[in-house]
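Every chain is numbered from 1, with letters handed out A, B, ... down the list of sequences.
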Amino acid sequence: MPELPEVETLCRQLKQVILDKEILGIEILDPKLTAGEGLVRRRVLSVARQGKVLEIKLDAGITMLLHLRLTGRLLWQKGNNLSFPHTRFTIFFLQGRLDCIDPRRFATLSVQKTIGTNFAAPVIDPLKDFHAFRLWEIARRRKIPVKSFLIDQHIIAGIGNIYACEILYEASIDPWQRVDSLSLAKWQKIEEATISILKRAIACRGTTVSDWRDMFGRKGEYQHYLKVYASGGYPCPRCQATIQCMHLQGRGTYFCPTCQKPEAKMRLF
DNA sequence: CCCTATGTTCCCAA
DNA sequence: CTTGGGAACATAGG
């Protein structure tokens with residue numbers, strides 16, 4: 001479910017609730033996630049997001065890395081409510097408990113001892129260092145469709161299928177256009193669209209098209225601002241042409257065939 | 001039964 | 001080495 005705005009929402013909400021708090025206990029219900037054992041009595045020093053990964057630093061030099069993949073959720077609860085089905089682990093604090101719920105069990109949890117040189121991954125965070133010129137330089141050397149480039153987590157960390165579709169619609173660029181054919185001016189349009197869309201989606205606490213919920217169980221609001229995602233067959237808000245859906249890399253890719261007109265010979269199939 | 005799904009990784013072929 | 005396609009992971013919903 002979660003892309004950058006959803007993970008950022010969880011990150012901010014986690015900070016409100018568990019920063020500086022002590023872990024009183026952990027219950028692991030999914031044997032795939034035993035990495036979480038041994039964190040009892042540790043205190044939360046910081047919560048951060050790297051791409052779609054939540055990074056929780058504890059004392060004693062311990063770092064938890066949580067990736068929710070497709071269907072992972074975090075839910076903060078007070079009191080002794082019954083756990084939701086598919087709850088995979090629970091972390092208990094004095095103030096409440098944090099449930100990780102994940103029907104498809106794709107979510108991953110790892111625990112690392114922080115050792116000396118913790119070099120940053122050479123990955124671009126769309127909100128911190130998405131600069132058109134830098135992206136243009138990297139893209140010049142690649143021959144993949146621009147949408148594949150935007151959702152490649154080794155290049156840019158955090159953009160997934162929904163926001164890639166929205167960004168390319170906003171920038172009026174064909175998702176299949178080869179990245180090595182994009183001008184610097186087009187990259188400036190992509191930069192502008194990416195930053196405005198992701199910021200607005202964060203302000204909306206994410207996009208709920210099916211089951212995304214924030215840490216307090218609330219739906220997001222950005223689904224009301226989607227222009228093309230999940231709108232196949234509906235008219236384009238700009239030109240009234242019919243929004244199309246085609247597969248790219250096995251993912252549903254929504255676009256306006258008129259506003260995002262393919263440039264001759266630059267489209268890949 | 002069929003298909004789809006906001007993610008990632010691995011294997012294989014061109 | 002690069003790229004694209006498909007399967008895998010596991011489950012719910014239309």
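If you take CG of A:D211 and C1' of C:dT11, they are 11 Å apart, rounded to a whole angstrom. The interatomic distance linking A:H86 (NE2) with C:dT11 (P) rounds to 8 Å, in whole Å. Between A:I101 atom CD1 and C:dA12 atom P the separation is 14 Å, expressed in whole Å. Atom pair A:D152:CG and C:dT2:C1' shows a separation of 12 Å (rounding to whole Å applied). If you take CZ of A:R73 and P of B:dG7, they are 17 Å apart, rounded to a whole angstrom. Summarising the geometry, the separation between CG on A:D102 and P on C:dA12 is reported as 11 Å, rounded to the nearest angstrom. Remark: P of C:dC9 and CG of A:D30 are 15 Å apart, rounded to the nearest angstrom. The OH atom of A:Y229 sits 12 Å away from the C1' atom of B:dG7 (whole-angstrom rounding).
For the pair A:M215 and A:Q13, the tightest heavy-atom approach, listed with the atom from each and the gap, is N-OE1, 2.8 Å.
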**Report entry** A:F255 and A:V228: CA distance, side-chain angles, deciding distance, side chain to side chain contact (heavy atoms under 4.5 Å, CB included) verdict
**Finding:** CA-CA 6 Å; A:F255 63 101; A:V228 287; 5.9 Å; no
Report task. Apply the test side chain to side chain contact (heavy atoms under 4.5 Å, CB included) to residues A:V47 and A:L19: give CA-CA distance (whole Å), side-chain angles for both, the deciding distance (0.1 Å), then the verdict. Result -> CA-CA 7 Å; A:V47 183; A:L19 212 51; 4.3 Å; yes
Report task. Determine, step by step, whether A:Q260 and A:Y254 satisfy the side-chain hydrogen bond (donor to acceptor under 3.5 Å, both in side chains) criterion, reporting the C-alpha distance in whole Å, the side-chain angles of both residues, the deciding distance to 0.1 Å, and the verdict. Result -> CA-CA 10 Å; A:Q260 295 165 272; A:Y254 298 85; over 6 Å; no
Query - side chain to side chain contact (heavy atoms under 4.5 Å, CB included) between A:Y222 and A:Y163, worked out - result: CA-CA 11 Å; A:Y222 194 77; A:Y163 296 109; 3.9 Å; yes
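Distances from the side chain of A:H154 to the nucleotides B:dT9, C:dT11, B:dG7 place B:dT9 closest. Counting only heavy atoms from C-beta on, A:K32 has its side chain closest to C:dC9 among B:dG7, C:dC9, C:dT11.
B:dC2 sits 15 Å from C:dA8 when the P atoms are compared, rounded to a whole Å. To the nearest whole angstrom, the two P atoms, one in B:dT8 and one in C:dC1, are 24 Å apart.
Between A:H247 and A:R69, the residue whose closest nucleotide on DNA chain B is further toward the 5' end is A:H247.
Within the 4.0 angstrom heavy-atom criterion, base atoms lie near A:S210. Nucleic acid contact for A:S148: none, since no nucleic acid atom lies under 4.0 Å from a heavy atom of the residue. As judged by a 4.0 angstrom heavy-atom cut-off over every strand, A:Y163 is placed among residues making no nucleic acid contact. No engagement by A:G250 is indicated, since no non-hydrogen atom pair under 4.0 Å with the nucleic acid exists.
Geometrically, A:R140 engages A:W136 in a cation-pi contact, judged by NZ or CZ lying under 6.0 Å from the ring centre and within 45° of the ring axis. By the 6.0 Å and 45° rule, A:R73 stacks over the aromatic ring of A:F84.
A close approach under 4.0 Å does not occur between any side-chain nitrogen or oxygen of A:Q249 and OP1 or OP2 of C:dG4. At the phosphate of B:dT8, OP1 or OP2 sits under 4.0 Å from a side-chain N or O atom of A:K52. Contact between the side-chain N/O atoms of A:R142 and the OP1/OP2 oxygens of C:dT3 is found at a separation under 4.0 Å. OP1 or OP2 of B:dT8 sits under 4.0 Å from a side-chain N or O of A:H67.
Paired runs in DNA chain C that reach 3 or more consecutive Watson-Crick or G-U pairs, where each pair keeps both distances under 3.5 Å, cover B:2-5 with C:11-14, B:7-14 with C:2-9.
Look at A:F106 and the base of B:dG7; the rings stack, centres closer than 5.5 Å and planes less than 30° apart.
Two rings, from A:W187 and A:F149, have their centers less than 6.0 Å apart.
Between the side chain of A:R104 and the base of B:dA5, at least one donor-acceptor pair of N or O atoms lies under 3.5 Å.
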